[in-house]
Enquirer: 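Next up is a structure, given as structure tokens.
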Amino acid sequence: MPVIRPFKSVRPAKDKVSAIAALPYDVYDRKEAKAVVQGNPLSFLKIDRGETQFPDDEDMYASRVYERARKTLEEMIQDGSFVREEEACYFLYALTEEPRRGL
């Protein structure tokens, strides 16, 4: 049986939500993601696509890329871009997709 527990979420600060919000990581190729991050250093792509913080020849699956993403999130929590909820809460999540016609 699954165990469901409340947790203290980390979310964008209210005044930075629109700057942090980004399309899903797989919508962008590497070059596009890097351009978004260069144009908007608060974009979540900076975390979601950690390779955007490295030269183009860096292996996007290298452990240092994942480590950089983790450090970036920690830095953004420290600088107030992200905030942690004070109390543990339950969160509901729903994902919907338009029905595909003709399938």
Side-chain angles (χ1 to χ4, degrees):
M1 173 182 266
V3 176
I4 301 172
R5 296 184 182 138
F7 64 96
K8 293 180 180 181
S9 75
V10 174
R11 60 175 172 75
K14 288 181 182 179
D15 63 332
K16 296 186 170 112
V17 169
S18 61
I20 292 173
L23 293 172
Y25 72 93
D26 59 352
V27 171
Y28 304 93
D29 65 26
R30 187 175 190 149
K31 183 178 179 181
E32 292 167 331
K34 196 166 195 171
V36 169
V37 170
Q38 287 174 345
N40 177 13
L42 289 178
S43 174
F44 191 73
L45 281 177
K46 189 175 179 179
I47 297 166
D48 223 10
R49 296 289 301 258
E51 76 274 10
T52 59
Q53 299 183 63
F54 290 91
D56 292 341
D57 61 347
E58 179 69 41
D59 177 4
M60 65 190 292
Y61 302 108
S63 60
R64 69 188 214 135
V65 171
Y66 291 101
E67 180 63 20
R68 180 68 247 169
R70 182 186 64 78
K71 285 182 180 178
T72 299
L73 177 59
E74 289 174 353
E75 290 165 0
M76 291 179 79
I77 291 170
Q78 289 298 315
D79 74 14
S81 296
F82 284 91
V83 295
R84 185 175 304 278
E85 297 292 341
E86 292 183 23
E87 293 184 37
C89 301
Y90 291 95
F91 295 86
L92 299 177
Y93 178 76
L95 181 64
T96 59
E97 186 175 325
E98 292 292 323
R100 294 184 180 172
R101 301 181 199 286
L103 294 180

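Quantities reported herein were computed from a predicted structural model and do not represent experimental measurements.
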Enquirer: Please check if the side chain of Ser43 supplies one atom and the backbone of Leu45 the other of a donor-acceptor pair under 3.5 Å.
Expert: yes

Enquirer: Please check this pair: side chain of Asn40 against backbone of Ala19, looking for a donor-acceptor N/O pair closer than 3.5 Å.
Expert: yes

Enquirer: Closest approach of Gly50 and Ala69, non-hydrogen atoms and distance?
Expert: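 Of all heavy-atom pairs spanning Gly50 and Ala69, the closest is CA-CB, 4.5 Å.
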
Enquirer: Report yes if the side chains of Phe54 and Arg64 come closer than 4.5 Å at any heavy-atom pair, otherwise no.
Expert: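 Contact flag for Phe54/Arg64 side chains = yes.
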
Enquirer: Would you say the rings of Phe91 and Phe7 are close, in the sense that their centroids are separated by under 6.0 Å?
Expert: yes

Enquirer: Are Arg5 and Val3 close enough that some pair of their side-chain heavy atoms sits under 4.5 Å apart?
Expert: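 Touching, per the 4.5 Å side-chain cut-off.
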
Enquirer: Please determine whether residues Met60 and Tyr66 belong to a single hydrophobic cluster, defined as Ile, Leu, Val, Met, Phe, Trp and Tyr linked transitively by side-chain heavy-atom distances below 4.5 Å.
Expert: yes

Enquirer: Could you check Val10 against Val83 for side-chain contact (heavy atoms from CB on, under 4.5 Å), going step by step and ending with a plain yes or no?
Expert: CA-CA 5 Å; Val10 174; Val83 295; over 6 Å; no

Enquirer: If you measure from OG1 on Thr52 to CZ on Arg68, what distance do you get to the nearest 0.5 Å?
Expert: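 Reported to 0.5 Å precision, the distance equals 10.0 Å.
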
Enquirer: Under 6.0 Å from the OH atom of Tyr61, do we count more than 12 heavy atoms belonging to anything else shown?
Expert: no

Enquirer: Evaluate the side-chain proximity of Asp59 to Val65: yes if any heavy-atom separation is below 4.5 Å, no if none is.
Expert: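 Val65 vs Asp59: side chains apart.
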
Enquirer: Got a second to check how far Lys8's NZ is from Glu86's CD, nearest 0.5 Å?
Expert: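 Here the interatomic distance stands at 8.5 Å.
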
Enquirer: Among Leu73, Ile20, Val37, which residue satisfies the side-chain contact (heavy atoms from CB on, under 4.5 Å) criterion with Lys46?
Expert: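 Output: one option passes, namely Val37.
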
Enquirer: Drop me the distance from Asp79's CG to Leu42's CG, to the nearest 0.5 angstrom.
Expert: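 So the gap between those two atoms works out to 7.5 Å.
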
Enquirer: Rounded at 0.5 Å granularity, tell me how far OG1 in Thr72 sits from CZ in Phe44.
Expert: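 Rounded to the nearest 0.5 Å, the OG1-CZ separation comes to 10.5 Å.
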
Enquirer: May I ask you to decide if Pro55's main-chain N or O and Glu58's side chain share a donor-acceptor pair within less than 3.5 Å?
Expert: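 No.
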
Enquirer: Verify salt bridge (Lys or Arg N to Asp or Glu O under 4.0 Å) between Glu75 and Lys71, making sure each step is shown before the conclusion.
Expert: CA-CA 6 Å; Glu75 290 165 0; Lys71 285 182 180 178; over 6 Å; no

Enquirer: For the atom pair CD (Gln53) and CD (Glu51), what is the distance rounded to the nearest 0.5 Å?
Expert: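 The CD atom of Gln53 sits 9.5 Å away from the CD atom of Glu51.
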
Enquirer: Starting at CZ of Arg49, measure out to NZ of Lys34 and round the result to the nearest 0.5 Å.
Expert: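 The NZ atom of Lys34 is 11.0 Å from CZ of Arg49, to the nearest 0.5 Å.
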
